[in-house]
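First up is the structure itself, then whatever we jot down about it.
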2 protein chains.
Amino acid sequence: MMQLDDLDRAILRLLKKDARLTISEIAEELGRPESTIHFRIKKLIERGVIDHYTILLGPELRPKKTALVILQVETPIIEDFLERYVNHIMRTLSMLPNVLFVAKSGKDTVIALLGDETEEKLNAFIEENIKTLPTLKSVNVYPLDDVKKGEELVGFLVEV
Amino acid sequence: MMQLDDLDRAILRLLKKDARLTISEIAEELGRPESTIHFRIKKLIERGVIDHYTILLGPELRPKKTALVILQVETPIIEDFLERYVNHIMRTLSMLPNVLFVAKSGKDTVIALLGDETEEKLNAFIEENIKTLPTLKSVNVYPLDDVKKGEELVGFLVEV
DNA sequence: TATGAAAGACATCATGT
DNA sequence: ACATGATGTCTTTCATA
């Protein structure tokens, strides 16, 4: 798993901005022959440095309101149950299209990123689908009001 | 800004999985003529439904450890300063390559997603670059231990 | 690994149903 | 919305260094 050199990184940066650039365009931009660019990209894909090519969906399809939710699960008397509780909650959340991201933090905390059309719908969703989950100790909701970095993330995660 | 029909959505789903599919491959997969697929994709791009084409970076380039950090900013005596404090913190964080995502929640809370090579480096980064920020009321760190949905997000956000 | 050249595949566009 | 064909461009491969 050798390192990336400057040419590799330059190619990756260009493709990240626009993966539809043709090999000839990249070649011209970087002042290298097409065959070299072709070879490098082939290697980057083989090595898994490029996982895959994808599209980013635009604002039209992105939820207008997003919120981060942090769930703390009640510790049961029988300790072994905790992991099952948490996994069950994560599985349940993962299946909902409004839920863009789900992760566990520590043993008893679940973090989810939610998105919906409007603030009202989002709040309703939280009331009906999140706060009704059994065995919760606490639910903290953080609406994302102003995203400064990584905003496009939602266009990447949203399902179509 | 008309609606998407089933064909549009099918195309988007295929491109999301692999944006290097040729028009002929998509046409065959969906049992439609190439000219139709070509036309639809053109329209999807024109409308901005497809924001742009991009690549997802593989595990080699992704930070191994990620954590969500929730910062609460101390409310100053002069209320107007709060927004400046918060904006300043967001700007500062945004410039760091370890910081993958930054958003504001409410008036006094900043949410950031951090990533680094190892747990130690990540913790050091938090101690040195986060907890040292002025005017913080609280800092909560949630290491993301097990991501159930949206894991690829990091490969999308990471810089190269 | 890098390059140049050549062959084949592809997107694109125009025209017509 | 679909079919077809003409055009120029791009990718891919291979031989060579």
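Sequence lines set the chain letters: A, B, ... in the order given, protein chains first and strands last, and positions in each chain run from 1.
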Query raised in the report: So do the side chains of Val160(A) and Val49(B) get within less than 4.5 Å of each other, counting heavy atoms only?
Result: no
Requested in this report: For Ile37(A) and dT1(C), give me the distance from atom CD1 to atom P, rounded to whole Å.
Outcome: 15 Å
Query raised in the report: When you measure from the side chain of Lys42(B), which nucleotide among dC13(C), dC10(D), dC2(D) comes out closest?
Result: dC13(C)
Query - Same cluster (ILVMFWY, side-chain, under 4.5 Å), Leu57(B) and Leu56(A) - result: no
Query raised in the report: Roughly how many Å is it from CG in Asp8(A) to C1' in dA2(C), rounded to a whole number?
Result: 13 Å
Query - Sugar-phosphate only, base, or nothing, as touched by Arg20(B) at under 4.0 Å among non-hydrogen atoms - result: nothing
Report task. Please determine, for the side chain of Thr22(A), which listed nucleotide (dC13(C), dA3(D), dC10(D)) has the closest atom? Result -> dC10(D)
Report task. For Lys107(B), look at atom NZ and say whether over 12 heavy atoms of other residues, nucleotides or ligands are found less than 6.0 Å away. Result -> no
Report summary line: From NZ of Lys43(B) across to C1' of dT12(C) the rounded distance in Å is 14 Å
Requested in this report: Quick one: label Phe39(B) by what it contacts on the DNA or RNA (base, sugar-phosphate, nothing), any heavy atom closer than 4.0 Å.
Outcome: nothing
**Report entry** Whole-Å distance separating the CG atom of Leu21(B) from the P atom of dT11(D)
**Finding:** 16 Å
Report summary line: Taken to the nearest whole Å, CD1/Ile23(B) to C1'/dC10(C) is 8 Å
Query raised in the report: Taking atom C1' of dC10(C) as reference, at what distance in whole Å does atom CD1 of Ile41(B) sit?
Result: 13 Å
Requested in this report: Ignoring backbone atoms, test whether Arg40(A) places a side-chain nitrogen or oxygen under 4.0 Å from the OP1 or OP2 oxygen of dT1(C).
Outcome: no
Requested in this report: Kindly work out whether a path of hydrophobic side-chain contacts (I/L/V/M/F/W/Y, heavy atoms less than 4.5 Å apart) joins Val147(A) to Leu153(B).
Outcome: yes
Query raised in the report: Side chain of Lys131(A), backbone of Asn129(A): donor and acceptor closer than 3.5 Å?
Result: no
Requested in this report: Return no unless some side-chain N or O of Arg32(B) is found under 4.0 Å from OP1 or OP2 of dA1(D).
Outcome: no
Report task. For Glu28(A) and dG4(C), give me the distance from atom CD to atom P, rounded to whole Å. Result -> 15 Å
Query raised in the report: Taking the side chain of Ser35(B) as heavy atoms from C-beta outward, which of dT4(D), dT12(D), dT12(C) is closest to it?
Result: dT4(D)
Query raised in the report: In whole angstroms, how far is the C1' atom of dC10(D) from the CD atom of Glu25(A)?
Result: 10 Å
Query raised in the report: Looking across every strand, which nucleic acid part, if any, lies under 4.0 Å from Glu34(B) by heavy atom: base, sugar-phosphate, or nothing?
Result: nothing
Query raised in the report: Given dT12(C), is OP1 or OP2 found less than 4.0 Å from the side-chain N or O atoms of His38(B)?
Result: yes
